[in-house]
Every structure is written in C-alpha cells, then in structure tokens.
**Q** 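Handing you this structure, nothing more for now.
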Amino acid sequence: MMVGVNKQFVGTGEFTLEFGDFEVHITVPADHIVASTGTLQNPNAVLTDEQQDRLEQAQDSDTPVFIVTPQEAMANEQEGTDETVTWIFEAENVRDFAWASSRKYIWDALGHQQEGAAYPVVMAMSFYPSEAEPLWSQYSTHAVAHTMDVYSDFSFDYPYPTAISVNGWENGGMEYPMITFNGYRPVEDEETGERTYSRRTKYGLISVIIHEVGHIYFPMTVNSDERQWTWMDEGLNTFLQFMAEREWEDDYPSRRGDPANITNYMLSQNQVPIMTNSESVLQLGNNAYGKPATALTILRETVMGRELFDFAFKEYSERWMFKRPTPSDLFRTLEDASAVDLDWFWRGWFYTTDHVDIALSDIREYSISTQDPEIEFPIQRQEEAEEPVSLTQIRNAVLPKRVEEFPELEDLYNENDEFTVSNVDRNEYTSFREGLEDWELELLDQSIADGLMVYFLDFENIGGLVMPLPIRLEYANGESEDIMLPAEIWRRSPHQVTRLFLSDQAIVAVELDPLFQIADTDRNNNRIPQQIQRSRIELYRSNNPTRDLMADLLVELEQAETGEEADAGNDVPLQSTGE
Amino acid sequence: MRLHSLILFALLAVQPAVQVQAHLEQTLLTTVAFNSRTQRLEVVHQIYAHDVEHAFGNLVQAEGGLDNVPAQALVGVELGKTFKLWKLDGEEIPLALVGAELEAEFLYIYQEAGITAIPESMRVEHGMLRNYWPNMRNYLNVDYGAVIKSLIFSDNDGVKTITNE
C-alpha cells in the first residue's frame with residue numbers, strides 16, 4: 001500500500017515512490033558517456049573493446065581503474081559528432097530511474113566484493129569532467145566503495161549491481177537508485193591555472209558521496225516516506241554517514257552525529273519535534289538530520305551499547321528492506337530485537353522539544369556508625385569542639401556568669417559533658433547488637449573494618465529529557481572510576497533522583513558526563529566541586545597561540561578600511577568596547 | 001600582506017546566486033550571552049567553514065586559505081559588520097571584534113560589548129552571508145539566563161526584535 005504519496009508537494013518533503021522495473025533507451029550523441037540507474041544491456045554497441053576489457057579488469061581490482069582516462073576524456077571533448085547511439089539500461093525493483101550524459105566524462109570503476117550476496121560484485125563507479133580533477137579520481141570511487149563497506153555491515157548487502165557517483169552541481173547532492181549526483185570541485189588559480197582544493201572541499205566531497213550513496217540503502221531500499229517523515233531516511237542516513245566518516249579516518253571533521261554538536265539547537269526556541277510532518281519542520285538540517293542522527297549515536301554508545309544496538313538496527317534494516325516502514329516500525333523493531341524498553345527515549349527525543357540539562361546538585365558524605373558509645377562519643381565530642389563558638393558567647397566572655405557567681409548551681413551535668421559514656425549508653429549498645437541477625441552483625445562489622453564511606457549523589461533534571469547518567473568518581477588517592485547509571489533510575493521520579501554509593505576511598509570530586517556523551521546543554525552544573533566553565537571567547541583569549549597575530553591583523557584591516565595608513569609598528573591588540 | 005577587504009562587498013554582490021540545494025541547507029548559529037565574570041556581552045558566530053570559503057572564494061585563497069589567520073581575520077572583519085545590535089531606543093550596542101578561529105568544520109567569529117547587563121529587548125540585524133547564499137538561514141539564540149530566546153533570519157528579513165518579555 002502506498003502511504004502518504006498522494007499529497008500536494010509544497011517544497012520540503014522531497015519524494016517517495018513505489019518500486020518498479022525499468023527498461024530505458026537513451027539516445028545520445030555518439031561521443032557521450034552515459035551513467036545510469038540499472039545495468040547496461042548493449043555494451044558492445046556503445047563501449048569500445050578496450051573499455052569493456054578495463055571494466056572487466058576493474059571488477060577484481062583493489063583500486064579504481066580508469067574506463068575512460070582523463071586524457072581520453074580531454075581528447076573526446078575536443079571533437080564533437082553528429083552521430084547518435086542508444087544506450088539501453090535495465091533496472092529491477094527500483095523506486096526511480098536517473099541518468100547523466102556527457103562527452104566530458106572521465107570514468108573510473110572498482111569492484112566492491114560482497115561474497116554470498118545477490119550481487120557478489122558491485123561496480124562502484126564515478127563519472128566526472130576534467131574540472132573535477134585531481135580531487136575526484138582520488139576520492140570519489142573510494143568513497144562509494146567505503147559507503148558500501150560500512151553501511152552493509154550495519155544493514156544488509158548492497159542490493160543492486162552498481163553504485164555511481166556523478167559530479168553534479170556545486171556543493172549539493174542528490175540520490176537515486178544506483179546513481180547519485182555530488183558537488184564539490186577544486187578551484188582554479190586565476191594566474192597559474194593550477195587546481196587546488198581546501199580541506200573543506202575534500203571532506204565535503206567524501207561526506208556528500210557517503211550521504212548520497214547511503215540513501216540507496218535509506219530510503220531507496222528501506223522505503224520510508226520522506227514526504228511524511230524526512231527524518232526516517234535523512235536521520236538514519238546521517239547516523240550511518242557519521243559511522244562511515246569515523247571509519248574513514250580518526251578525527252574526521254563530521255558535521256553531525258556527535259552529541260556535543262546538537263546542544264545549541266536543542267536549546268533554541270525555533271524547533272518542533274522530530275516527528276513533525278516534513279512540510280512543517282523548522283530548522284530542517286538540525287531537525288531531520290542532526291537530532292535523529294545524534295539520538296541514534298546516543299542509543300548506540302550510551303543507552304543500549306553497541307552489541308544490542310547494532311543487532312537491532314540490522315534487524316530493522318533487513319526486516320524493512322523493499323517495504324515501507326513508518327516510525328512505529330522503527331521504534332518497535334529496535335525494542336523487540338534488543339529487548340530494551342525504549343519508550344521513554346522515543347517520547348523524549350522524537351515527540352518533544354525538551355533538551356538535556358541534568359545537574360549534579362549535591363553530594364552528601366557519611367561514614368558508617370559503630371553505634372558503640374565508647375567509639376562514637378569521643379568522635380562526636382571532637383566534632384563539636386571543632387565547630388566555631390557562637391559569636392554571642394565570644395562577645396559575652398567578659399560578662400559574669402551566674403553559675404560562676406553561685407557554684408552550688410553546678411551538678412554532675414556540668415562536670416560531665418553530654419558525650420560522657422554512661423551505663424545506660426553501654427546497655428543500649430549491647431541490646432542493639434543483640435537485636436541484629438547474625439548476617440546483619442557480620443555485615444556491620446565488616447563495613448566498619450573496611451572503612452566504608454556512604455555517599456548520596458543528588459541529580460536534578462532541568463532540561464526535561466531523562467538520560468543515563470555517566471559518572472566519573474575521583475578518589476582521594478588520585479584514582480578515578482567511570483560508572484554508568486541507566487536511565488531507568490528516573491522511572492519513578494523524573495525530576496529528581498538520588499543515588500547511593502559505598503566506597504572505601506574518600507571521594508573528592510564527581511563529574512557528570514565527562515565524555516560529553518548525553519548532549520548535556522549546561523556543563524556548569526555537572527561537577528562537584530564546581531568547575532567554572534569558561535566561555536568560548538574566554539578560552540580563545542587564554543589559549544589561542546595566534547591571538548596576537550589576529551589582533552594585529554584586525555587593527556591593520558580596520559585602519560585600511562577607514563583609509564588610515566596602517567602602522568607597521570602598532571602591536572596594540574584591538575580593545576573591546578567599554579575598556 | 002595584501003588586504004582585500006575594501007573590494008570584498010562589491011565582489012560579493014555580483015557573485016551568481018545559483019546554488020541548488022537538494023539536501024543541505026546553508027545555516028549558521030549566533031549565540032548572544034552575558035558573561036557575568038567578565039561583565040561583557042559575548043557574541044559567538046558558528047559558521048560552516050565551507051560556506052565561508054565559497055562565499056569569499058579567491059579572497060580567502062589569496063590569503064592562503066581559511067586555515068590561515070590572515071584569511072580568518074579578513075572574513076571576521078567583513079562578516080562582523082553584518083551583525084548589529086541596538087537597544088530599543090535606537091542606541092547601537094557597539095560590538096568589538098575579538099577574533100576568529102577555525103575548529104573542525106566551523107569558523108567561529110567572536111564579538112563583544114562592554115555593557116553591564118543584557119538588555120531585556122534588543123533590535124537585531126543579521127545579514128551574515130545572506131547576500132551570497134539566497135537560502136541562508138541565520139539562527140540566533142539569546143541566552144537570558146533562565147531562558148533562551150531565538151530568532152531566524154532568512155529570505156528578506158530585516159531588523160527584528162528579540163525580547164525576554
């Protein structure tokens with residue numbers, strides 16, 4: 001059944017389609033190269049023998065092989081022709097069909113091996129003009145193959161015979177079954193003609209290819225309805241894109257997926273729940289891509305753990321490939337495949353705009369009492385002696401006291417303070433021990449022998465979203481310990497909870513979320529003793545080694561703008577207003 | 001060092017605005033907050049470095065690319081001018097440029113004003129990158145302590161009012 005398709009398109013929700021089989025005849029100038037959804041049916045008619053040989057060679061190659069080399073493409077684009085040829089492609093079980101054609105195309109290919117799959121060898125291929133070099137031959141096809149490596153681990157074998165990246169418009173990307181269009185090109189130096197690319201262009205290209213090829217899994221195969229729920233493909237795909245980026249290289253500059261990157265959005269007023277219909281979403285990028293991707297990252301790393309999450313996510317992917325899942329199918333599958341009740345998580349993250357702000361509001365420390373007056377009373381006496389004397393008593397020191405004037409008023413209570421042990425106290429202690437069961441007595445004596453301290457940690461839920469509580473306990477001996485309190489701690493008291501810890505080491509500090517894994521928006525209330533969280537500007541002022549150079553440049557630029565001569569000797573940092 | 005700032009806006013104005021976005025929107029986030037320790041109003045602009053690189057093109061390239069401090073300074077000065085704050089009576093809150101730095105995917109631009117408290121209401125103009133990217137959406141969060149108030153600047157939006165009332 002088609003769900004949600006018959007709705008007026010008003011701009012945000014892109015498209016959703018049913019599956020079908022295609023046979024497409026594309027007639028183009030004879031010198032064109034065509035990239036298309038589907039399998040080429042008439043290679044003998046449109047490809048040279050050499051091109052066909054190279055394609056066969058590429059199937060078993062570890063690195064991309066040119067089917068049309070840069071030199072051949074350059075020569076090809078010089079000539080032109082009046083003749084035409086017809087390329088015939090067939091595609092089965094696809095949501096859509098797309099193609100591209102140009103005489104400028106360089107074409108490279110690499111066989112992606114997936115033994116035992118319906119398509120044991122998938123041709124990862126790229127098509128691009130010389131203007132995209134040297135970037136594209138280096139990264140495009142590798143990014144296509146890498147996407148399949150990672151996504152297939154998380155979901156299912158790639159379900160089609162080809163996966164293509166075509167250089168399209170600048171800075172964008174668009175997905176279709178088996179074929180994607182991706183932007184990003186080097187820039188040409190006006191004077192030297194040399195083409196260079198920045199870090200952003202390189203990683204932007206790799207990321208957009210991962211993202212668009214990833215869409216061939218979600219929603220081209222797991223066919224969710226983007227018209228209704230953009231996040232179901234964009235969010236899941238952005239999550240897997242984040243996984244693939246992290247497996248491309250360490251410290252990959254990912255845009256979305258990391259919990260620390262979503263906090264500003266989750267604090268903002270201009271947002272609607274993830275579950276909002278696509279056409280009504282505010283802040284599409286954060287709502288449909290960033291927040292659901294982050295939610296899945298947190299589920300995997302913090303709430304469920306990798307083993308349970310990965311099994312459940314794969315189950316969802318396999319269960320719903322070539323079908324039309326709705327959000328409840330995702331929620332239900334992740335729960336029933338993992339046996340973890342995640343209702344609270346779906347409610348908080350997908351149906352509300354609450355954010356995470358959990359405070360570690362107090363720590364209370366206790367030692368275990370022996371109840372023995374011979375031991376406890378001297379301790380209590382000592383504690384009282386260490387308390388400051390009242391100000392009134394200090395200032396009254398010079399005044400005469402009545403008991404000094406009339407010594408007969410003093411009795412045994414004046415001679416023995418309240419911490420003097422009496423027989424009544426001793427008898428109470430004896431009957432206390434006699435009243436304990438053997439195991440209780442053993443436990444008490446062992447705890448006292450171990451020197452156990454008792455700590456109560458109070459947590460307050462300020463932002464509204466309940467989350468697991470990752471805690472770092474720092475001990476007096478310099479060691480530390482990381483503990484995870486599951487989110488279920490909040491189930492009877494969603495606003496405030498207290499957790500008891502027993503420790504044979506004195507705890508000197510406790511930090512909530514030391515690894516920035518729960519998207520906590522305010523870290524000022526995450527540590528006792530409190531640590532001042534300096535603002536970005538304060539950190540910039542104190543840490544940045546280029547700060548002085550920047551200050552000089554700003555003075556110079558400002559003077560240049562106001563028409564003044566730049567003073568080369570002026571190294572006074574730009575002063576802030578008000579100083 | 002060659003400085004290009006004087007001609008920048010003329011160039012930006014004639015850049016072709018034909019970017020087609022199927023999937024990624026152009027956004028940036030500005031956060032305004034009062035820092036009680038330093039007694040300053042702090043403005044932090046978090047901008048995707050790629051969007052800046054595109055908008056400034058050869059001007060950034062000429063300074064060795066956005067990884068280099070001279071390019072960051074140039075961008076900071078130019079973009080800093082496109083964010084303005086006023087009190088409701090029309091008096092401008094003069095923002096001084098503290099600096100700019102690149103961190104991962106983002107260029108951060110820092111501004112501040114030496115005022116004693118955050119005004120309960122302010123007029124805000126946020127034209128940052130919007131003349132280059134026609135679909136640019138500039139998000140603003142103003143931190144009033146107990147609550148965050150937000151605005152979005154897009155399309156033909158001019159000066160808007162933010163208030164804690």
Side-chain angles (χ1 to χ4, degrees), chain A residues 14 169-175 181 187 189-190 196 198-201 203-204 208 211-212 215 234 251 253-255 264-265 267-271 282-286 289 532 534-538 540-541 544 546-547 549-554 556-558 560-561 566 574-579, chain B residues 1 3 5-6 18-25 27 29 31 33 35 37-40 42-44 46 48-50 53-54 57-58 60-61 65-67 69-70 72-74 76-77 93-101 104-105 108 110 112-115 137 139 141 143 148-152:
Chain A
E14 284 193 3
W169 60 90
E170 191 55 55
N171 193 38
M174 191 61 211
E175 72 276 13
F181 298 87
V187 291
D189 188 282
E190 286 172 349
T196 58
S198 71
R199 282 175 58 83
R200 262 70 55 193
T201 299
Y203 290 109
V208 78
H211 186 91
E212 306 309 342
H215 272 310
E234 297 298 359
D251 298 322
S254 294
R255 278 188 168 205
N264 278 324
Y265 164 70
L267 273 175
S268 69
Q269 274 190 317
N270 292 317
Q271 52 167 323
L282 294 172
Q283 301 207 43
L284 182 73
N286 284 318
Y289 296 64
I532 290 172
R534 290 191 294 174
S535 71
R536 278 202 76 91
I537 290 183
E538 286 177 277
Y540 174 76
R541 279 215 157 88
N544 196 309
T546 64
R547 192 188 55 153
L549 171 60
M550 173 65 74
D552 291 347
L553 290 167
L554 295 184
E556 204 173 327
L557 283 163
E558 194 177 57
E561 291 218 338
L574 199 66
Q575 295 296 306
S576 67
T577 313
E579 279 197 339
Chain B
M1 189 188 76
L3 297 174
S5 54
L6 294 177
V18 292
Q19 314 297 332
V20 181
Q21 287 300 305
H23 277 234
L24 294 176
E25 53 183 357
T27 64
L29 173 69
T31 306
N35 187 331
R37 283 188 302 279
T38 60
Q39 291 289 303
R40 293 172 210 225
E42 297 184 340
V43 181
V44 176
Q46 184 195 42
Y48 282 113
H50 175 268
E53 258 175 354
H54 252 272
N58 284 331
V60 160
Q61 284 300 116
L66 204 52
D67 292 293
V69 177
Q72 295 165 12
L74 174 73
V77 167
I93 299 171
L95 294 172
L97 189 62
V98 178
E101 66 177 332
E105 277 292 85
Y108 288 89
Y110 305 121
E112 65 178 11
I115 59 176
R137 294 169 72 81
Y139 298 116
N141 281 354
D143 185 349
I148 300 236
K149 297 288 186 176
S150 306
L151 286 177
I152 299 176

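Reminder, nothing fancy here: chain letters follow the sequence lines and each chain counts from 1.
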**Q** If I measure from the heavy atoms of chain B, does A/Gln271 come under 4.5 Å with its side chain, its backbone, both, or neither?
**A**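 Neither part; nothing is under 4.5 Å.
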**Q** Would B/Asn35 and A/Glu538 count as a side-chain hydrogen bond (donor to acceptor under 3.5 Å, both in side chains) here? Give the steps.
**A** CA-CA 9 Å; B/Asn35 187 331; A/Glu538 286 177 277; 2.7 Å; yes
**Q** So what's closer than 4.5 Å to chain A heavy atoms on B/Leu29: side chain, backbone, both or neither?
**A**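 Interface part for B/Leu29: side chain.
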**Q** Strictly under 6.0 Å, is that where the ring centroids of B/His54 and B/Tyr48 end up?
**A**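 Not under 6.0 Å, so no.
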**Q** Could you tell me whether B/Glu112 and A/Arg541 make a salt bridge, using a distance below 4.0 angstrom between a side-chain N and a carboxylate O?
**A**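 Judged by the 4.0 Å cut-off on N to carboxylate O distance, B/Glu112 and A/Arg541 do form a salt bridge.
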**Q** Flag the one option from B/Asn141, B/Thr27, B/Val69 with the top tally of heavy-atom pairs under 4.5 Å to chain A.
**A**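 Heavy-atom pairs under 4.5 Å are most numerous for B/Val69.
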**Q** Heavy-atom pairs under 4.5 Å with chain B: which of A/Leu549, A/Asp251, A/Asn270 has the most?
**A**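 Result: the option with the highest number of such pairs is A/Asn270.
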**Q** Of the backbone (N, CA, C, O) and the side chain (C-beta and beyond), which part of B/Leu66 lies under 4.5 Å from a heavy atom of chain A, both, or neither?
**A**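 Contact with chain A involves both backbone and side-chain atoms of B/Leu66.
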**Q** Counting only heavy atoms closer than 4.5 Å, note whether B/Thr38 contacts chain A via side chain, backbone, both or neither.
**A**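 Just its side chain gets close to chain A.
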**Q** Of the backbone (N, CA, C, O) and the side chain (C-beta and beyond), which part of B/Asp67 lies under 4.5 Å from a heavy atom of chain A, both, or neither?
**A**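 It is both, since atoms from each part get that close.
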**Q** For each of B/Gln61, B/Arg137, B/Glu101, tally heavy-atom pairs with chain A at distances under 4.5 Å, and name the one with the top tally.
**A**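 The candidate making the most pairs under 4.5 Å is B/Glu101.
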**Q** Over 60° means perpendicular and under 30° means parallel, so classify the ring planes of A/His211 and A/Tyr289, tilted if in between.
**A**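 Taking A/His211 first and then A/Tyr289, their aromatic rings lie parallel (interplane angle under 30°).
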**Q** I need the A/Ser535 OG to A/Ile532 CD1 distance, nearest 0.5 Å.
**A**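 Atom-to-atom, A/Ser535:OG and A/Ile532:CD1 are 11.5 Å apart.
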**Q** Hey, could you give me the CG/CG distance between A/Leu553 and A/Leu557, rounded to the nearest 0.5 Å?
**A**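 Reported to 0.5 Å precision, the distance equals 6.5 Å.
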**Q** Could you tell me which portion of B/Ala100 (side chain, backbone, both or neither) has an atom closer than 4.5 angstrom to a non-hydrogen atom of chain A?
**A**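 The answer is both parts of B/Ala100.
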**Q** So for B/Val60, is it side chain, backbone, both, or neither that comes closer than 4.5 Å to the heavy atoms of chain A?
**A**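 Contact with chain A is absent: no heavy atom of B/Val60 under 4.5 Å.
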**Q** Among A/Tyr203, A/Tyr540, A/Phe181, single out the residue with the greatest number of heavy-atom pairs under 4.5 Å to chain B.
**A**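 Result: the option with the highest number of such pairs is A/Tyr540.
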**Q** Counting only non-hydrogen atoms closer than 4.5 Å, does B/Val44 touch chain A with its backbone (N, CA, C, O), its side chain (CB onward), both, or neither?
**A**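 Just the side chain, heavy atoms under 4.5 Å.
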**Q** Does any heavy atom of chain A fall under 4.5 Å from the side chain of B/Gln72, the backbone, both, or neither of them?
**A**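 Backbone plus side chain of B/Gln72, per the 4.5 Å heavy-atom cut-off to chain A.
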**Q** Between chain A and each of B/Gln39, B/Gln46, B/Arg37, count heavy-atom pairs under 4.5 Å; write down the option with the most.
**A**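 Between B/Gln39, B/Gln46, B/Arg37, the count favours B/Arg37.
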**Q** Does any part of the side chain of A/Ser254, heavy atoms only, come nearer than 4.5 Å to the side chain of B/Glu105, both counted from C-beta?
**A**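 No, every pair of side-chain atoms sits at 4.5 Å or beyond.
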**Q** For salt bridge (Lys or Arg N to Asp or Glu O under 4.0 Å), just list the numbers for B/Glu42 and A/Arg536, CA-CA rounded to whole Å, side-chain angles, deciding distance to a tenth of an Å, and then say yes or no.
**A** CA-CA 9 Å; B/Glu42 297 184 340; A/Arg536 278 202 76 91; over 6 Å; no
**Q** Could you tell me the separation between the NE2 atom of A/His215 and the CD atom of A/Glu175, rounded to the nearest 0.5 Å?
**A**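 Answer rounded to 0.5 Å: 4.0 Å.
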